[in-house]
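Since the structure comes first, as C-alpha cells, the remarks are kept for the end.
In what follows, chains are A, B, ... by sequence order, proteins preceding strands, each numbered from 1. Bear in mind that the values here come from a model prediction, so they are computed numbers and not experimental data.
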There are 2 protein chains.
Amino acid sequence: MSDLLLPPQATQVGLAVDVAAFAMHAGELRVLLVQRGELPHARDWALPGGFVHPGEELHEAALRELRTETTVELEPRHLEQFFTFGEVNRDPRGRIVSVAHLAVLPAGAVEVSGGGHTLGAAWLSAHDPPRLAFDHQAILDRALGRLQLRLEYANLALEFLPDTFTLPELQGVFEAILNRKLDKRNFRKRVLSQGALLPSGERRSGVGRPAQLYRRAKNARTPAL
Amino acid sequence: MSDLLLPPQATQVGLAVDVAAFAMHAGELRVLLVQRGELPHARDWALPGGFVHPGEELHEAALRELRTETTVELEPRHLEQFFTFGEVNRDPRGRIVSVAHLAVLPAGAVEVSGGGHTLGAAWLSAHDPPRLAFDHQAILDRALGRLQLRLEYANLALEFLPDTFTLPELQGVFEAILNRKLDKRNFRKRVLSQGALLPSGERRSGVGRPAQLYRRAKNARTPAL
DNA sequence: CCAAAAGTGTTTTCCCTACACCCATGT
DNA sequence: ACATGGGTGTAGGGAAAACACTTTTGG
C-alpha cells in the first residue's frame, strides 16, 4: 500500500464517521447524543462520531465510536451508511468528510454514559433535539428521512424491540418514527398479513387486558440498499 | 483552515468520486465508461472518476470528471450522490474512499471521446457491461438499483429525453431501466394522470402512425433524498 | 392495400382507509 | 363495579393489472 502512487492533485482529507443511533425510550423516538468535551463546539451536543483509523473499515469505525463515546451496552441491530457529508467548510478544522451511518438499538439500550473525550451522553428526542454542533442537524434530518423510508420497506421496526413484544408496542414504534397516529385495526391487519410474526404466550401490562406476545418468524430479513 | 488541529489518529485518505452516468442509446440503457490509460487496471473499462481537488465540492468534482475524462457535450440533467465505497483494500494504491454519484444525461449525449488520461470513452450496455476495474461493477449495480427506485418516485425518466418526446419513447425509457416490458395502455393512463405532461404538435416516425409529441409541464420537479 | 406503430376502455382485483364496540384483566 | 388498555370486522374508493381491436400513416 504505497501512497507514492497517488497523483499529486489527490486531496488528502480527514475521513470521519458519524452515527445517528435510534432507540425507543418512554414511548418516544430518541437519538443518542454526546456532549462534546473539546473544541470546536465544546459543550454542544453532537452525534457520536470521529475519525476512521488506518486500516479500519467504515462500519467498524462507526461501531467503535458508538462504544467508546457512549458506553452503550447493547449491539446495534441495524447499521447502515446513508449519506456522505463532504462540504468544504463543514468543519473549521479542515476538509473533513463524514460518512454518516444510521443505527438502530433495541429497547433496553437506555443506560449510557459519556466516554472518550465527551462530557456525557444521553438519549434525547429525535424529533425535537437540542441545538447540534457542526452540520449534525442536517445529518439527523436525513437520518430520520431514511429511517422512515426503511420502516415501510424492511421490517426495521422489529429491531427496536426485544425478542418478544406486543402488537401495541410495535405500533408504538411505527407511530414514534412516523410521528403520527395509526389506526389500530388497519395496523394489525397489515403486519399480521405479512406473515413475519408468530404468537407465543401471554403477558400482563400494568393495567388493562393483557396483550398477546409475538416473536419474529425465522425468515423475514432486512433487505439491502 | 489549519490541518494542525486534526488529532493524530485521523486517517488521511485519498478522496475520490466516481460517476455512473446513464443515457438512452439505440433503445437501450447505456452507461458511460472510459478505458483506463494508466496503472492500475490499464486498458480496462471503468466508471469515470478521480480525485477531488482541494477546495472542490463533491458534486463539482463529479461534474469535472465527467467533462474532462469523456468530453460529453451535454450537461447532466440529474446528479446525485448515492453511496460511498470505502473498503480498505478496494484500491491497490492505498486507502481511497470514493463517493459514487449517479448522473442522467439526455438522449443526444452519445458522442463521447476520451480525454485526460483515458484511452477512450464509450456508452456501453448498462445491464451487460464489460469487465470493470476495481469494484466498479459493484458501484454500477448499486447505481442501477438506485436508478430504478428513483424512476418510480421522481419523474426522472423525463431527464433521459429531449424537450419534446412521444409516449412510446417515454415508455421505452421505463422499460430499458426496469429491464422489463410494460403494458401500453396502463402506462399511458398512469403517466397522463399525473398531469405533468402537455401535448404539442405532431411527428412522424420512420414507419407507422405518427405519435403525439409531449412536453413536460412547468411544475413537476425532481424531489430530494 | 399492406405493413408498422400509435392510440383507445372496460373489468377485475387488491390494497388502503374509515369507522365502533366488546373483552380480559387489576384494583 | 369500573377503569384501562387489548382485540375484532366490514364496507367503500382508488389504484394497478389484465386484456384486443381500431386508426393513421408511408411505401
Salt bridge flag under 4.0 Å for residues [X] and [Y]:
| X | Y | result |
| --- | --- | --- |
| A:Glu57 | A:Arg64 | no |
| B:Glu159 | B:Arg216 | yes |
| A:Arg67 | A:Glu65 | no |

How long is the line joining [atom1] of [X] and [atom2] of [N], in whole Å?
| X | N | atom1 | atom2 | value |
| --- | --- | --- | --- | --- |
| B:Arg190 | D:dG14 | CZ | C1' | 15 Å |
| B:Gln171 | D:dA17 | CD | P | 13 Å |
| A:Phe187 | D:dG9 | CZ | C1' | 18 Å |
| A:Lys184 | D:dT10 | NZ | P | 17 Å |
| A:Lys181 | C:dA18 | NZ | P | 15 Å |
| A:Arg185 | D:dA11 | CZ | C1' | 12 Å |
| B:Gln212 | D:dT25 | CD | C1' | 15 Å |
| B:Leu170 | C:dA6 | CG | P | 13 Å |

**Message:** Under 4.0 Å, heavy atoms only, any strand: does A:Glu202 hit a base, just the sugar-phosphate, or nothing?
**Reply:** sugar-phosphate
**Prompt:** Just checking A:Arg204: base, sugar-phosphate only, or nothing, at a heavy-atom cut-off of under 4.0 Å?
**Reply:** sugar-phosphate
**Asked** DNA chain D: A:Leu192 or A:Val207, which has the more 5' nearest nucleotide?
**Response** A:Val207
**Prompt:** A:Pro168 side chain: which of C:dA4, D:dG6, C:dT8 is closest?
**Reply:** D:dG6
**Nucleotide nearest B:Ala211 (side chain, heavy atoms from C-beta), chosen from D:dA20, D:dG6, C:dA6** = C:dA6
**Prompt:** Does any N or O donor sit under 3.5 Å from an N or O acceptor when you compare the side chain of A:Lys189 with the base of D:dT8?
**Reply:** no
**Fill in**
CD1 (B:Ile139) and NE2 (B:His101) are apart, to the nearest 0.5 Å, by 11.0 Å
**Request:** Would you mind telling me which residue lines up with the more 5' stretch of DNA chain C, A:Arg209 or A:Asp183, judged by nearest nucleotide?
**Result:** A:Asp183
**Fill in**
Residue pair B:Asn186/A:Asn186 against DNA chain C: nearer the 5' end by closest nucleotide is B:Asn186
**Message:** If you compare every side-chain N and O of A:Arg188 against the phosphate oxygens of D:dT8 (OP1, OP2), does one of them come in below 4.0 Å?
**Reply:** yes
**Message:** Against the six-membered ring of B:Phe82, is B:Arg146 placed for a cation-pi contact (under 6.0 Å from the centre, within 45° of the normal)?
**Reply:** no
